[in-house]
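See structure below.
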Amino acid sequence: MPTDTVRLVSVGMWTPARVMTNAELEGMVDTTDEWIVERTGIRERRIADDDVGVVEMGYRAAQDALERARLEPSAVDAIIVSTATPDRLLPATACDIEARLATGGAVAFDVWGACSGWLYALNIARGLIASGQIETALCIASEKMSAITDWTDRATCVLFADAAGAAVVQRAEEDGRGILASYMRSDGALAELLHRRPIGSSSVPVDVAELAVRDGHLRMAGREVFKNAVRSMCEAVDAVLEQAGVAKDEIDILVPHQANIRIIEATAKYAGLPMERVWVNVDRYGNTSSATIPVALYEAREAGRIQDGSLVLMVTFGAGLTWAGTLLRW
Ligand code: ACO
């Protein structure tokens, strides 16, 4: 069947109930609420319980999205999951979520795009639908950043947190709505700016004797990441607008990756958008890696800030470094 257009039918989300405030972090590392708010915009974040992993979180967000789309799991042809914090490395997180949903055979696989992973997943779903291979995809981001955070490192532990988001993506008749443009890039030369050493991998085989000393936490060169983040998100803005032939002032709402309010403000300024036309929730959730955009989309839609026909611009960056943008008319 030829492609008409590819549309987000619904968005779902799940966040843990447990709230960790900046005041709580003041008791854990040498930091202050004032420093965190001024430098990052974050006031509080959600932290999942020890026994809740990304399969559970992603499953709940996926169920929410399916219910909102009024679809049974059997309607899903593909499950594409973005996570930097899988419960286990084999099989893919998507396969474990497929088992929970019981779709009856949907293809299920993960993408490793760090914070850009959900927009990568969306673009892969768009391609699978456009090429006629599938009709319906579930694009899920599920991130338990608290599990890989060094809670003694004040430079990172104030930033990251846990959340999951999911969207049902489907073929639809062309009527001007749907995904209008997609852009994906990476620069592996910048990988050391934000990385995590494995406990066992192809280059560092599992060694039981070293488990006690090996550091498996996320490490980041914050200032360098910051500079590259602004540059790459602005590049993604230009790329998708040019692809779609859309001017900056036509954008109804910018839904950016929520890493730091200063990065968001710099991107909005570049896109020529006042902050009233930008969805910001980094103050309440912190940086939940690739889950930030679906969670923000969900909230913006629920708040009535995304209406049918709204022109929505999403841009992101993450470890890799990776960056991406998607423009859609809801
Ligand atoms: N509390 C108090 N002081 C702190 C803290 C803290 N939590 N963290 C760092 N500092 C100190 C530093 O030690 C430094 O002190 P010094 O001047 O005595 O050396 C000072 O504050 C300034 O440090 P900078 O790193 O220059 O602070 P900056 O203004 O750059 O803010 C931050 C740091 C918030 C990390 C910022 O660089 C940033 O947001 N970078 C991007 C991070 C990011 O987006 N990461 C995720 C990207 S990908 C993904 O989403 C997975």
Side-chain angles (χ1 to χ4, degrees), residues 20-45 54 82-86 111-120 141-165 184-188 190-196 217-234 236 255-268 280-283 285-296 314-325:
M20 180 185 279
T21 62
N22 290 348
E24 195 175 340
L25 282 160
E26 284 177 350
M28 295 162 63
V29 289
D30 181 15
T31 193
T32 60
D33 172 55
E34 194 188 359
W35 191 96
I36 301 171
V37 172
E38 191 191 310
R39 301 292 182 113
T40 73
I42 301 168
R43 293 180 185 277
E44 61 183 40
R45 71 283 292 141
V54 295
S82 166
T83 186
T85 58
V111 294
W112 284 84
C115 303
S116 307
W118 192 74
L119 289 191
Y120 279 19
S142 187
E143 306 274 18
K144 190 178 181 182
M145 299 301 285
S146 64
I148 61 165
T149 297
D150 178 351
W151 290 98
T152 66
D153 174 20
R154 70 176 182 174
T156 54
C157 76
V158 300
L159 303 175
F160 296 102
D162 308 333
M184 303 191 292
R185 284 290 184 277
S186 70
D187 184 354
L190 299 174
E192 294 309 307
L193 297 185
L194 183 53
H195 67 271
R196 183 183 167 215
H217 293 127
L218 177 147
R219 295 294 172 209
M220 181 179 74
R223 221 173 294 180
E224 286 70 25
V225 172
F226 193 106
K227 277 185 245 156
N228 282 287
V230 175
R231 182 192 51 74
S232 57
M233 298 233 287
C234 293
V255 181
H257 174 43
Q258 310 278 320
N260 181 314
I261 188 66
R262 292 183 293 147
I263 295 173
I264 295 172
E265 285 169 352
T267 308
V280 175
N281 63 14
V282 70
D283 52 326
Y285 296 116
N287 181 346
T288 59
S289 188
S290 65
T292 68
I293 290 185
V295 168
M314 301 176 274
V315 285
T316 187
F317 72 96
L321 294 184
T322 57
W323 59 103

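Atoms within a ligand are numbered from 1 in the order they appear, just like the ligands themselves.
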So, the side chain of Thr83 versus the backbone of Ser142: is there a donor-acceptor pair under 3.5 Å, distance only? yes

How far is atom 31 (O) of ligand 1 from the closest protein heavy atom, and which atom is that? Arg262 NH2, 3.4 Å

So, the side chain of Arg262 versus the backbone of Arg39: is there a donor-acceptor pair under 3.5 Å, distance only? yes

Heavy-atom contacts under 4.0 Å between Val29 and ligand 1: side chain, backbone, both, or neither? neither

If you define the side chain from C-beta out and look only at heavy atoms, does anything of Leu321 sit under 4.5 Å from Ser232? no

Sole candidate of Asn22, Asp162, Asn287 that passes side-chain hydrogen bond (donor to acceptor under 3.5 Å, both in side chains) when paired with Arg45: Asn22

Top protein contact for atom 39 (O) of ligand 1, by heavy-atom distance: Asn260 ND2, 2.6 Å

Would a 4.0 Å cut-off, counted as strictly less than, catch a protein heavy atom around atom 29 (O) of ligand 1? yes

Contact with ligand 1 for Thr292, non-hydrogen, under 4.0 angstrom: no

For Cys115, the ligand 1 atoms with a heavy-atom partner under 4.0 Å come out as 48 (S), 49 (C), 50 (O), 51 (C)

Do Met233 and Trp323 come close enough that some side-chain heavy atom pair is under 4.5 Å? no

Could you give me the CA-CA distance, side-chain angles and deciding distance for Ile148 and His217, then say whether side chain to side chain contact (heavy atoms under 4.5 Å, CB included) is met? CA-CA 5 Å; Ile148 61 165; His217 293 127; 5.6 Å; no

N/O donor-acceptor pair under 3.5 Å between Arg219 side chain and Glu192 backbone: no

Are Ile261 and Asp283 side-chain neighbours, meaning at least one heavy-atom pair lies under 4.5 Å? no

Atoms in ligand 1 with a heavy atom of His257 nearer than 4.0 Å: 49 (C), 50 (O)

State, with a plain yes or no, whether a side-chain heavy atom of Leu119 is found less than 4.5 Å away from one of Met184. no

Under 4.0 angstrom from ligand 1, any heavy atom of Gly318? yes

So which protein heavy atom does atom 12 (C) of ligand 1 come closest to, and at what separation? Arg154 NH2, 3.8 Å

Taking C-beta and beyond as the side chain, do Val158 and Ile42 meet within less than 4.5 Å on heavy atoms? no

Just going by heavy-atom distances, which of Phe226, Phe317, Trp323, Trp35 is nearest to atom 21 (O) of ligand 1? Trp35

Has Arg154 got a side-chain atom pairing as donor or acceptor with Asp30's backbone, closer than 3.5 angstrom? yes

Among Met145, Arg223, Lys227, which residue places a heavy atom closest to atom 25 (O) of ligand 1? Arg223

Is there a donor-acceptor contact under 3.5 Å from the side chain of Thr149 to the main chain of Trp151? no

Flag Thr32 as yes when one of its N or O atoms lies below 3.5 Å from any N or O atom of ligand 1, and as no otherwise. no

May I ask you to check whether over 12 heavy atoms, not counting those of Arg43, lie within 6.0 Å of atom CZ? no

May I ask you to check whether Thr31 has an N/O atom sitting below 3.5 Å from an N/O atom of ligand 1? yes

Do Gln258 and Thr288 get their side chains close enough for a donor-acceptor pair, meaning under 3.5 Å? no

Identify the protein heavy atom lying closest to atom 22 (C) of ligand 1, giving its residue, its atom name and the separation to 0.1 Å. Arg39 NH1, 3.6 Å

Logged contact type for Thr156 with ligand 1, heavy-atom cut-off 4.0 Å, is neither

For ligand 1, is there an atom lying under 4.0 Å from some heavy atom of Ala229? no

Output the list of atoms in ligand 1 that are nearer than 4.0 Å to some heavy atom of Val158, sorted by atom number. 7 (N)

Give the residue and atom name of whichever protein heavy atom lies nearest to atom 45 (N) of ligand 1, and the separation in Å to one decimal. Met220 SD, 3.1 Å

Closest non-hydrogen atom pair between Met220 and Ala155, with its separation: CE-O, 4.0 Å

Mark yes or no for whether Thr322, through its side chain, and Ala319, through its backbone, hold a donor-acceptor pair below 3.5 Å. yes

Closer than 4.0 Å: a protein non-hydrogen atom to atom 19 (O) of ligand 1: no

Taking atom 42 (C) of ligand 1 as the reference point, report whether a protein heavy atom occurs under 4.0 Å from it. yes

Ignoring hydrogens, tell whether any protein atom lies closer than 4.0 Å to atom 48 (S) of ligand 1; use the non-hydrogen atoms only. yes

Residue, atom and distance of the protein heavy atom nearest atom 44 (O) of ligand 1 read Ala259 CB, 3.4 Å

Taking atom 14 (C) of ligand 1 as the reference point, report whether a protein heavy atom occurs under 4.0 Å from it. no

Please check atom 2 (C) of ligand 1 for a protein heavy-atom neighbour under 4.0 Å. yes

Nearest non-hydrogen protein atom to atom 46 (C) of ligand 1, with distance, is Asn287 ND2, 3.5 Å

Which of the numbered atoms in ligand 1 are below 4.0 angstrom from a heavy atom of Phe160? 46 (C), 51 (C)

Examine ligand 1 and decide if any of its atoms is less than 4.0 Å from a heavy atom belonging to Val225. yes

Geometry only, no angles: is Thr40 polar-contacting ligand 1 at N/O separations under 3.5 Å? no

With a 4.5 Å cut-off on side-chain heavy atoms, are Leu194 and Leu218 touching? yes

Below 4.0 angstrom from a heavy atom of Gly222, which ligand 1 atoms are there? Numbered from 1 as shown, please. 37 (O), 40 (N), 41 (C)

Can you sort out which atoms of ligand 1 are near Ala155, meaning under 4.0 Å from one of its heavy atoms? 8 (N)

